[in-house]
Amino acid sequence: MEEQRKSTVIITGTSSGVGLYAAKALAATGQWHVIMACRNLQKTEEAAQSVGIAKDSYTIIHLDLASLNSVRQFVTDFRNTGRSLDALVCNAAIYMPLIKEPLYSPDGYELSVATNHLGHFLLCNLILEDLQKSAAAEPRLVILGTVTHNPNELGGKIPPRPDLGELKGFEAGFKAPCTMIDGKKFEPVKAYKDSKVCNVLTMRELHRRYHESTGITFSSLYPGCVATTPLFRNHYPLFQKLFPLFQKYITGGFVSEELAGQRVAAVVADPEYNQSGMYWSWGNRQKKEGKSFVQQVSNEASDDDKAEKMWELSAKLVGLD
């Protein structure tokens, strides 16, 4: 009975990094049961045990966000647990800055956008029904953001800049040779940044379409620069060594994976974050002494017309239209 009274949260990408520590932080409250959604079940089980998450406070369910069939199967598998859903955290992401040619998802889409955006987009749409049935007073859907989505911030100013253009690649079906959202030549770093712009646009469009009618709180956050995250495992070894030092001693923006996970957990559970449509940040530019604040998103990510167009084209690509 005690277990049934817990709230339930789904977190994607929980085998390491921020997702794992967000799972740990929420489970540690004793008030949440965490659905750890991931590709590698054994790795996730070992990770959960390594950080001390209690065995009875989590369930691991397979999810490969790059595969639309896997996303649909995950939703079925979750519903088969019989649990109600109170929160979803879209955390998982891949970043492959060194590849020269695009990699493709099982559905034929460029892999980073397929994983970071399209898989989460489909999951959000399918799981809305479950969140609407939540008995919680404040069901929440949280999408992880990044400073690199915003050209007004240091991380977004470094070329290549994010730019969805007129979404010509999405319009053309987003299959080879159209492997970029804007329809231009493939560039792996830009593909990642563009996918994160889409994450923020998705959050804002979810808020516009569904907050008033469902009462679900939709938000995004940037928990600070998690320079040691496995997100950078495909980067140069020298970058992996120097980037954390740069963030610790030059910018002051360094945040540990555990602290970032705690900040994600706060946006999921704490009353002060029950404001829909917000982009919360712990970035260091405003020097808020470790406190969160509402940050303005980029001009592109605040473009309502582009958000609607992105939504409609994404719905076609994932088979929702």
Side-chain angles (χ1 to χ4, degrees), residues 4-14 19 22-23 25-26 29 31-37 59 61 63 65 71-72 74-79 81-92 116-145 196 198-223 263-281 292 294-295 297 301-302 304 307-308 310-312 314-315 318 320:
Q4 290 301 314
R5 283 198 291 270
K6 288 184 179 180
S7 299
T8 300
V9 57
I10 293 171
I11 306 177
T12 67
T14 47
L26 286 167
T29 67
Q31 299 174 350
W32 289 87
H33 187 91
V34 183
I35 304 296
M36 302 179 75
T59 301
I61 301 179
L63 172 62
L65 283 160
V71 174
R72 291 186 168 89
F74 169 82
V75 173
T76 298
D77 292 343
F78 167 72
R79 288 172 178 164
T81 68
R83 290 184 172 276
S84 61
L85 182 65
D86 305 291
L88 167 66
V89 179
C90 296
N91 161 75
N116 303 350
H117 166 56
L118 292 174
H120 278 133
F121 179 85
L122 177 60
L123 177 61
C124 289
N125 276 275
L126 295 179
I127 217 76
L128 271 180
E129 176 184 334
D130 302 81
L131 282 172
Q132 282 184 258
K133 296 175 182 176
S134 168
E138 303 176 359
R140 299 185 189 180
L141 193 160
V142 180
I143 303 179
L144 268 286
K196 300 308 291 183
C198 286
N199 285 163
V200 180
L201 287 170
T202 297
M203 179 276 288
R204 288 172 53 81
E205 191 67 2
L206 281 164
H207 166 74
R208 188 183 72 83
R209 288 172 180 247
Y210 299 116
H211 171 62
E212 194 170 313
S213 61
T214 66
I216 299 169
T217 295
F218 302 99
S219 61
S220 292
L221 77 148
Y222 171 59
R263 288 170 174 176
V264 172
V267 174
V268 170
D270 291 2
E272 67 188 280
Y273 297 106
N274 188 33
Q275 299 178 55
S276 193
M278 299 294 109
Y279 184 92
W280 301 98
S281 179
S292 63
V294 175
Q295 187 163 33
V297 300
S302 58
D304 291 341
E308 187 168 7
M310 180 280 301
W311 181 283
E312 291 170 354
S314 298
V318 303
L320 285 174

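Computed from heavy atoms alone, side chains included, the values below leave out hydrogens, waters and symmetry copies.
- At distances below 3.5 Å, not a single donor-acceptor pair connects side-chain atoms of His207 with backbone N or O atoms of Met203.
- Evaluation of the side-chain hydrogen bond (donor to acceptor under 3.5 Å, both in side chains) rule for Arg72 yields no partner, not counting sequence neighbours.
- At distances below 3.5 Å, not a single donor-acceptor pair connects side-chain atoms of Ser220 with backbone N or O atoms of Gly145.
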Check your understanding: What do the steps show when you test Ile11 against Trp32 for side-chain contact (heavy atoms from CB on, under 4.5 Å), and what is the final call?
Key -> CA-CA 12 Å; Ile11 306 177; Trp32 289 87; over 6 Å; no
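- Side-chain contact check for Leu123 versus Val75: some heavy-atom pair is nearer than 4.5 Å.
- Under the side-chain hydrogen bond (donor to acceptor under 3.5 Å, both in side chains) criterion, Thr202 pairs with no residue, sequence neighbours left out.
- Between Val89 and Thr12, the closest side-chain pair of non-hydrogen atoms is not below 4.5 Å.
- Residues Ile10 and Phe74 form a side-chain contact, since some pair of their non-hydrogen atoms from C-beta on lies under 4.5 Å apart.
- In this structure, Leu88 and Cys124 have side chains that are in contact, with non-hydrogen atoms separated by less than 4.5 Å.
- Within a 6.0 Å radius of CD in Glu272, other residues, nucleotides and ligands contribute more than 12 heavy atoms.
- Between the side chain of Thr29 and the backbone N or O of Leu26, at least one donor-acceptor pair lies under 3.5 Å.
- For Thr217 (side chain) and Ser276 (main-chain N/O), no donor-acceptor pair under 3.5 Å exists by modelled atom type.
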Could you list the donor-acceptor pairs under 3.5 angstrom formed by side chains in residues 126-137, with sequence neighbours left out?
from, atom 1, to, atom 2, distance (Å)
Glu129, OE2, Lys133, NZ, 3.4
Asp130, OD1, Arg79, NE, 3.1
Asp130, OD1, Arg79, NH2, 2.7
Asp130, OD2, Arg79, NE, 3.1
Ser134, OG, Asp86, OD1, 2.6
Ser134, OG, Ala136, N, 2.9

